[in-house]
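Residue numbers start at 1 and run along the sequence shown.
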Amino acid sequence: MKSDRFKGYFFAAIATVTFSSIYIFSKAALNEVHLAQFGVYWFFVAFVLSAAWLLKTGRHRAIPKLTRRQWRILALLGVLEILTTASFFLSIQIIPDPAVTSFIGNLFPVILTGMGIVFLRERFTWVESFGAILALIGAFIISYQGGTTLSDFFIPGAGIVLINSFFAATASMVVKVNVKKMSPELLITNRALWLFIFSVAMLLVYKQSLVIPVKALVNIAIGATLGPFLAIMFIYYSFRYIEVSKSSVVQSLKGVCVLIASFLYFHTLPLPHQLVGGILSVAGVFIISVSKARLSKKGRIKS
């Protein structure tokens, strides 16, 4: 039905905008506080909201029924989320412009697609190959800073974004292959809990105070509500009405949203060559997403 498709695209669009806010509000907060302080407050807000929603929807009743295998999967996802999220916010802290971080982060769908081919024997068309090449070229252009040695060939933080994309793709593969009977509400709450516990541990290790500036606290509260809670929920809701591939087409425009928001909030723009690279990376991800959407549509028609 057209109304269902509209709902799906609407939720995907809202998810794209809210997810983009993570780059902005986290950058603003990390300019004032230590990463460990940031994590404690950010994931406390995310956990409280996620747990409240889990209880409201009644999905918590499934927890006692989880099998040992499902508990192990939740633990594995928790560890992967720690690695993914820590590297993500570290890159946000290091790279001055959030838009640059977002553009380099477009390597994620490329890596995820590659993993799908290797481990799940998924189809990969020449169109997707072209999109992947564009995204890789774009990421290279953005990261390049003109040095003559390997240590200063790429901008600081570029390697961390690459590591983040790898761990994020690995976590997505674990979800795609193993998680079939666990609700989105449970997965989001599990993620927030692991990250909150890890943040508390890092706060103690680095001996940081819980006292932070009010402005940073406001940015954390807004960002944590829009990002790790609402954005992920809207993404899952979009899956109820449209295919994952079609939702990904909309989400591929995330870099554009971050670019606009970064300019409005921080009054910064990427360097000219980084902007060109960003356009290429967004175009590459868009091509991959559209190609997957068309393959999904053909598959349904044949079946």
Side-chain angles (χ1 to χ4, degrees), residues 4 7-8 10-22 25-26 29 36 38-86 88-89 167-203 210 217-244 247-248 251:
D4 285 345
K7 290 179 182 177
F10 176 76
F11 283 132
I14 297 298
T16 303
V17 174
T18 51
F19 192 82
S20 300
S21 69
I22 295 177
F25 290 105
S26 64
F38 168 85
V40 168
Y41 284 102
W42 184 276
F43 294 112
F44 174 75
V45 173
F47 174 69
V48 169
L49 292 174
S50 301
W53 188 250
L54 180 71
L55 293 172
K56 180 176 175 58
T57 58
R59 300 292 186 181
H60 64 286
R61 299 188 185 94
I63 295 177
K65 302 176 184 178
L66 293 175
T67 64
R68 288 185 179 180
R69 174 182 172 80
Q70 289 174 322
W71 279 113
R72 286 196 296 268
I73 292 172
L74 287 175
L76 175 60
L77 286 173
V79 173
L80 287 173
E81 288 293 355
I82 288 173
L83 295 171
T84 300
T85 308
F88 172 77
F89 285 120
F167 283 130
T170 303
S172 297
M173 286 295 294
V174 172
V175 171
K176 190 172 184 178
V177 174
N178 294 295
V179 180
K180 296 181 180 179
K181 297 183 179 179
M182 288 185 255
S183 67
E185 293 83 0
L186 177 60
L187 293 174
I188 294 171
T189 305
N190 175 71
R191 174 182 184 273
L193 177 60
W194 276 85
L195 289 167
F196 174 66
I197 293 173
F198 174 75
S199 298
V200 171
M202 289 299 99
L203 189 80
L210 283 173
L217 191 60
V218 171
N219 282 320
I220 288 173
I222 297 173
T225 301
L226 293 176
F229 176 63
L230 287 180
I232 296 176
M233 287 302 299
F234 280 129
I235 288 173
Y236 280 120
Y237 285 146
S238 72
F239 294 165
R240 291 182 177 180
Y241 301 103
I242 58 176
E243 296 81 358
V244 174
S247 179
S248 298
Q251 294 173 48

Distance-minimising heavy-atom pair for [X] and [Y]:
| X | Y | value |
| --- | --- | --- |
| Leu226 | Leu230 | O-CB, 3.6 Å |
| Ala29 | Phe38 | CB-CD1, 3.8 Å |
| Phe89 | Ser26 | CE2-CB, 3.5 Å |
| Phe25 | Ile222 | CZ-CG2, 3.6 Å |
| Ser183 | Arg59 | OG-CB, 3.6 Å |
| Gln70 | Thr67 | OE1-N, 2.9 Å |

Checklist entry - Going through the checks in order, is the side chain to side chain contact (heavy atoms under 4.5 Å, CB included) test met by Leu66 and Met182? => result CA-CA 9 Å; Leu66 293 175; Met182 288 185 255; 4.1 Å; yes

Checklist entry - Please walk me through it: do Leu203 and Leu210 pass side chain to side chain contact (heavy atoms under 4.5 Å, CB included)? => result CA-CA 8 Å; Leu203 189 80; Leu210 283 173; 3.6 Å; yes

Next on the checklist: Using only atom types and a distance under 3.5 Å, with no angle test, would you say the side chain of Thr85 pairs donor to acceptor with the backbone of Ile82?
Outcome noted: no

Distance in Å, [X] [atom1] paired with [Y] [atom2], rounded so as to fall on 0.5 Å steps:
| X | Y | atom1 | atom2 | result |
| --- | --- | --- | --- | --- |
| Asn190 | Trp71 | CG | CH2 | 8.0 Å |
| Glu81 | Leu76 | CD | CG | 10.0 Å |
| Phe196 | Thr189 | CZ | OG1 | 14.0 Å |

Checklist entry - Are Thr16 and Phe234 close enough that some pair of their side-chain heavy atoms sits under 4.5 Å apart? => result no

Donor-acceptor pairs under 3.5 Å, side chain of residues 42-56 to any protein atom, not counting sequence neighbours: which ones?
from, atom 1, to, atom 2, distance (Å)
Ser50, OG, Ala46, O, 2.7
Trp53, NE1, Tyr237, OH, 3.4

